[in-house]
Amino acid sequence: MSGFASLERMAHDRATTRNHISRRGVEWTAFLFILPAFVLIAAFHIFPVLYAIYISLHTGAINRFTYVGLDNYIRALEGADFWNALSVTIWYVALTLPATLVLGLVLAYLLYQPIRGRGIYRTIYFLPYVISTVASSIVWAWVFDPQSGVANLILQRIGLAPLRWLIEPSGIGQVMGAQVGVSLPGWAQGPSVALIAVAIFTIWQSLGYVTVIFLAGLTNIPGELYDAAHIDGANALQLFRHITLPLLTPTTFFVVVISVIASFQAFNQIFAMNTAAAQTLGGPLGSTSTLTVFMFDQLYTYANYGYASAIAVLLSILILVLTLVNFRALGARVQY
Amino acid sequence: MTFTRGRALPSADRLRRDLGHLLLHLVLIAGAVSALFPFVWMVLNSLKGYTEAAAGLDILPKRWLFSNYVTAWNQVGLFPRYFANSIFIGVATVLGVLVTSTLAAYAFARMKFPGRDALFLIMVATMIVPFEVTLVPNFILMRDLNWIDTYQALIIPWSGSAFSVFLLRQFFRSIPQDLYDAAVLDGASHLRFLIDIVVPLSKPALITSALFTFLGSWNSLMWPLLVTNSPQMRPIQVGIASFITDAGTQVQLLLAAVTISVVPIVLVYLLLQRWFIEGIATVGLRG
C-alpha cells in the first residue's frame with residue numbers, strides 16, 4: 001500500500017468506527033451472527049490444525065497413540081522419501097506456476113481488447129476449471145497414451161521420438177539426451193516426463209481461472225489513463241509496461257499468493273492422472289510423488305498417522321513461510 | 001487498442017486495426033480449441049463402439065451409439081445413486097455455506113463488537129492451511145462421532161467456509177452506510193436489513209460463493225474417498241474413480257459416465273456465469 005492514501009483511509013476508518021460505537025455501542029448480537037460459521041470453522045479447520053500438531057508428536061494407531069517427541073519430524077528430514085517429495089513438489093510448482101501466470105496475463109490482455117465474442121471466449125476459457133479433475137484427467141490420460149495418444153501424434157508430426165509420458169519415470173533431460181546419444185549427469189536430468197505430463201494438464205486446467213481474475217483486474221483500470229497516454233504518443237507496448245502492469249499489481253499480488261498456495265497443495269490432479277494411467281499413487285517410481293501425495297500415501301496406504309501429520313505440518317510451515325515472503329517481497333511493491 | 005473504440009479512423013488505421021483484430025481472433029480461437037478439444041474428444045468417443053473407442057484412431061464414430069449413455073447409467077456401479085448423492089450433498093453444502101457465511105460476513109462488515117478484527121483474521125488465516133493437514137484429525141473426528149459413511153460427514157465439515165465469509169464481507173462493505181441509517185430510522189433490525197436490503201443487493205457475490213461451493217463439493221475426491229466405505233454413500237467422483245480401476249473397463253462407457261457427470265456442473269456454470277464473472281470482478285480484487 002502506498003503510504004499516504006492508506007494512512008488517510010485508516011484515519012477515516014478510525015473516525016467512523018468511533019462514531020458508530022458512540023452512537024450504537026457494542027452490538028452483542030454480532031456474536032450470534034458469527035456463531036454458526038465460527039463453530040464450524042473452529043471445529044473442522046482450526047481445532048484439527050492443533051490436533052494435527054499433537055498427532056505429529058505421536059506414533060501408533062488411532063486411540064492408541066504413543067508420544068515420541070520429534071521422532072516423526074526427524075524421520076522425515078533424515079529420510080530420502082521426504083526430500084524426493086520436496087524436490088518433486090518444487091519441480092511441479094516451477095513447471096506450472098510461471099507458465100500459468102504468464103499465459104493467463106497474456107490471454108486476459110488479449111480478451112481485454114474491444115473485439116467481438118469476448119464473452120464467448122471467456123466462457124470457453126473458464127470451462128476447464130469447472131470440470132472435475134477426475135473427468136478431465138481421464139481425457140488427458142488418453143492424450144498422453146503412448147500408443148494412440150494425441151501428444152505422441154504431435155511429437156511424431158514435428159519429427160520427434162514418441163514419449164511414454166505418464167508412465168515414464170526418467171527425467172526429461174535423460175530421455176532427450178538418450179535420443180541424441182548423450183547421457184547426462186543426475187542434476188541435469190530434470191523433472192520426470194510423467195511429472196511434465198501432469199504439469200501440462202494442470203496448466204490447462206487452471207489457466208482459465210487465472211485469466212478471469214486478471215481480466216477482472218484489467219477492467220478496473222480507468223480507461224482515461226490509456227487515452228491520456230495515447231495522446232502523449234505511447235505505443236501499445238509502452239501502454240502495457242507503464243500503465244497496465246503497474247496498475248495491475250494488486251491483482252497480480254492476489255493471483256501469485258493464491259497460486260503459490262494452491263500449487264503447493266495440489267493433489268487431485270496428480271492423484272487422478274496416476275489413477276487414469278493405471279499407476280500406483282505417486283506415479284512411476286514415485287516420480288510424481290509431491291509432498292501432498294506422499295503424505296496421503298502414508299495416511300491412506302500405510303496408516304502412519306503420526307508420520308503423515310508431521311509431513312503435513314512441515315508442508316504447512318513451508319506454505320506459510322512462502323506466503324509471508326510473498327507479502328514481504330510483493331506486498332510492498334503493490335501500487336494502489 | 002482500447003482507445004480506438006467509437007472514434008472515426010482514417011482508412012489506413014482502420015485496416016491496421018482490422019488486421020490486428022483478425023490476428024487476435026486467430027490466437028484466441030487457437031486457445032479456445034485447446035480448452036475445448038478434450039471435451040469434444042470425450043463426447044465423440046463416448047458414442048463409439050468398444051473396439052473403435054479403444055483404438056481411438058478415427059475422429060468421428062462410425063456408428064453413433066447413443067445407447068452407451070443408457071448402458072453407462074445402468075451399469076457403472078450404482079451410477080444413479082452416485083449422481084443423486086452428489087446433487088444432495090452439493091445443494092445441502094451450498095445452503096449451509098450461504099446461511100452461515102452471510103450472517104458472519106454481515107457481522108464482520110457492519111457490526112461493532114470487541115475482538116472483531118482478531119476473529120476475522122483467525123478465520124481468514126485458516127485459508128492458508130493446506131487442506132491435507134486437517135485430513136487426519138477430521139477423519140478421526142468423524143470416527144469418534146460415528147459419522148463414517150454418513151451424509152453428515154460429507155456435508156457438515158464443509159458448511160462453514162472462511163473463503164465465503166471473506167468474499168461476502170468484501171461485498172457487503174461496499175453497500176452504502178446511508179441505506180442502513182435509513183432502514184434504522186424505519187425501525188429495521190440488523191436481521192431485517194440484511195434479509196431485505198443486503199441480500200438482494202449482493203446477488204453476484206452470493207452466486208459466486210454458491211458456485212465455488214458447489215464446484216468444490218461436486219468435484220471433491222480425497223475427503224469422500226476417506227469417509228465413505230459403502231457404494232451407496234459414494235458421491236459421483238469416487239464412483240467414477242473406482243470405475244476406472246475396475247478390471248475390464250469399457251472405455252466408451254467410462255467416457256459416457258464422465259460426460260454425464262460433467263453435464264450438471266456445465267449447466268450450472270453456463271446459467272450463472274454472468275453473475276459469477278461480476279462477482280469475481282467486484283469482490284476479490286479491490287486493493
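From a predicted model like this one, the values you see are computed outputs, not experimental measurements. Order of the sequence lines fixes the chain letters, A, B, ..., with proteins taken first and strands second; residue numbering starts at 1 for each chain.
Two residues are said to be in side-chain contact when any heavy atoms from C-beta on lie closer than 4.5 Å; B/Tyr82 and B/Val238 fail this criterion. Between B/Gln273 and A/Phe126 the shortest side-chain heavy-atom distance does not fall below 4.5 Å. Side chains of A/Phe264 and A/Leu318 form a contact here, defined as non-hydrogen atoms less than 4.5 Å apart. Considering only heavy atoms from C-beta on, B/Met123 comes within 4.5 Å of B/Phe108 through its side chain. Side-chain contact check for A/Thr29 versus B/Met111: some heavy-atom pair is nearer than 4.5 Å.
With respect to chain A, the highest number of heavy-atom pairs below 4.5 Å among B/Phe39, B/Trp158, B/Phe37 belongs to B/Phe39. Top candidate by heavy-atom pairs under 4.5 Å with chain B, chosen from A/Leu127, A/Thr323, A/Ile120, A/Leu153, is A/Leu127. Interface remark: of the candidates A/Val39, A/Thr123, A/Asp145, A/Thr123 forms the most heavy-atom pairs closer than 4.5 Å to chain B. Comparing B/Gly31, B/Ser220, B/Ala257 by heavy-atom pairs within less than 4.5 Å of chain A, the highest count is held by B/Gly31. Ranking B/Leu226, B/Ile140, B/Leu215 against chain A, the residue ahead of the rest is B/Ile140, based on heavy-atom pairs under 4.5 Å. By number of non-hydrogen pairs under 4.5 angstrom with chain B, the leading residue of A/Val49, A/Leu35, A/Ile138 is A/Ile138. Options B/Val258, B/Leu36, B/Leu221, B/Val165 differ in how many heavy-atom pairs under 4.5 Å they form with chain A, and the most are formed by B/Leu221. By number of non-hydrogen pairs under 4.5 angstrom with chain A, the leading residue of B/Ala107, B/Ala104, B/Pro157 is B/Pro157. Interface remark: of the candidates A/Gly149, A/Ser316, A/Ala43, A/Ser316 forms the most heavy-atom pairs closer than 4.5 Å to chain B. When the candidates B/Val184, B/Leu225, B/Val266 are compared by the number of heavy-atom contacts under 4.5 Å with chain A, B/Leu225 comes out ahead. Across A/Ile124, A/Leu291, A/Leu107, the residue that shares the most heavy-atom pairs under 4.5 angstrom with chain B is A/Ile124. Comparing A/Tyr121, A/Phe267, A/Tyr51 by heavy-atom pairs within less than 4.5 Å of chain B, the highest count is held by A/Tyr121.
At distances below 3.5 Å, at least one donor-acceptor pair connects side-chain atoms of A/Glu27 with backbone N or O atoms of B/Lys112. Under a 3.5 Å cut-off, the side chain of B/Asn138 and the backbone N or O of A/Phe44 do form a donor-acceptor pair. Listed for the B/Ser86 side chain is no donor-acceptor partner under 3.5 Å among the backbone atoms of B/Pro235. B/Ser217 places no side-chain N or O within 3.5 Å of a backbone atom of B/Phe214 that could act as its donor or acceptor partner. Without hydrogens or angle criteria, A/Arg122 side chain to A/Leu111 main chain gives no donor-acceptor distance under 3.5 Å. In this structure, the side chain of A/Gln298 does not engage the main chain of A/Phe294 through any donor-acceptor pair within 3.5 Å. B/Trp218 places no side-chain N or O within 3.5 Å of a backbone atom of B/Pro264 that could act as its donor or acceptor partner. Side-chain N or O atoms of B/Ser34 include one that pairs as donor or acceptor with a backbone N or O of B/Ala30 at under 3.5 Å.
In this structure, A/Tyr125 has no ring-ring contact (aromatic ring centres under 6.0 Å, His included) partners at least two apart in sequence or on a different chain.
Residue B/Leu28 touches chain A through both its backbone and its side chain, counting heavy-atom pairs closer than 4.5 Å. Neither the backbone nor the side chain of B/Thr259 comes within less than 4.5 Å of any heavy atom in chain A. For a residue to count as touching a neighbouring chain, one of its non-hydrogen atoms must lie under 4.5 Å from one of that chain's; by this rule A/Tyr209 touches chain B with the side chain only. Looking at B/Ile265, both its backbone and its side chain come within 4.5 Å of chain A, counting heavy atoms on both sides. For chain B, the nearby parts of A/Ile34 are the backbone and the side chain; heavy atoms of each come within less than 4.5 Å. For B/Leu270, the part lying near chain A is the side chain, with the backbone staying farther off; criterion is any non-hydrogen pair under 4.5 Å. Contact of A/Val143 with chain B is made through the side chain alone, with heavy-atom distances under 4.5 Å. Neither the backbone nor the side chain of B/Leu211 comes within less than 4.5 Å of any heavy atom of chain A. Both the backbone and the side chain of B/Gln237 have a heavy atom closer than 4.5 Å to some heavy atom of chain A. Only the side chain of B/Leu194 comes within less than 4.5 Å of a heavy atom in chain A; its backbone stays farther off. Looking at A/Phe296, only its side chain comes within 4.5 Å of chain B, counting heavy atoms on both sides. B/Arg274 does not touch chain A: none of its heavy atoms, backbone or side chain, sits under 4.5 Å away. With a threshold of 4.5 angstrom between heavy atoms, B/Phe212 approaches chain A through side-chain atoms but not through N, CA, C or O. Of the two parts of A/Leu299, only the side chain, counted from C-beta on, holds a non-hydrogen atom closer than 4.5 Å to a non-hydrogen atom of chain B. Only the side chain of B/Thr126 comes within contact range of chain A, judged by heavy atoms closer than 4.5 Å.
For a heavy-atom cut-off of 4.5 Å, chain A lies close to B/Thr100, B/Leu103 in residues 95-103 of chain B.
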Subject >> Audit row: A/Thr244, A/Tyr226, side-chain hydrogen bond (donor to acceptor under 3.5 Å, both in side chains) steps and yes/no >> reply: CA-CA 9 Å; A/Thr244 311; A/Tyr226 288 104; 2.8 Å; yes
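Heavy-atom neighbours of A/Leu225 CG from other residues, nucleotides or ligands within 6.0 Å: above the threshold of 12.
Partner B/Leu255 forms a side chain to side chain contact (heavy atoms under 4.5 Å, CB included) with one of B/Asn45, B/Leu44, B/Val43 and no other, that one being B/Asn45.
A cation-pi arrangement is not found for B/Arg110 relative to B/Phe172, the charged atom failing to lie both closer than 6.0 Å to the ring centre and inside a 45° cone about the ring normal.
Defined by atom type and a distance below 3.5 Å, a donor-acceptor pair is missing between the side-chain atoms of A/His58 and A/Tyr305.
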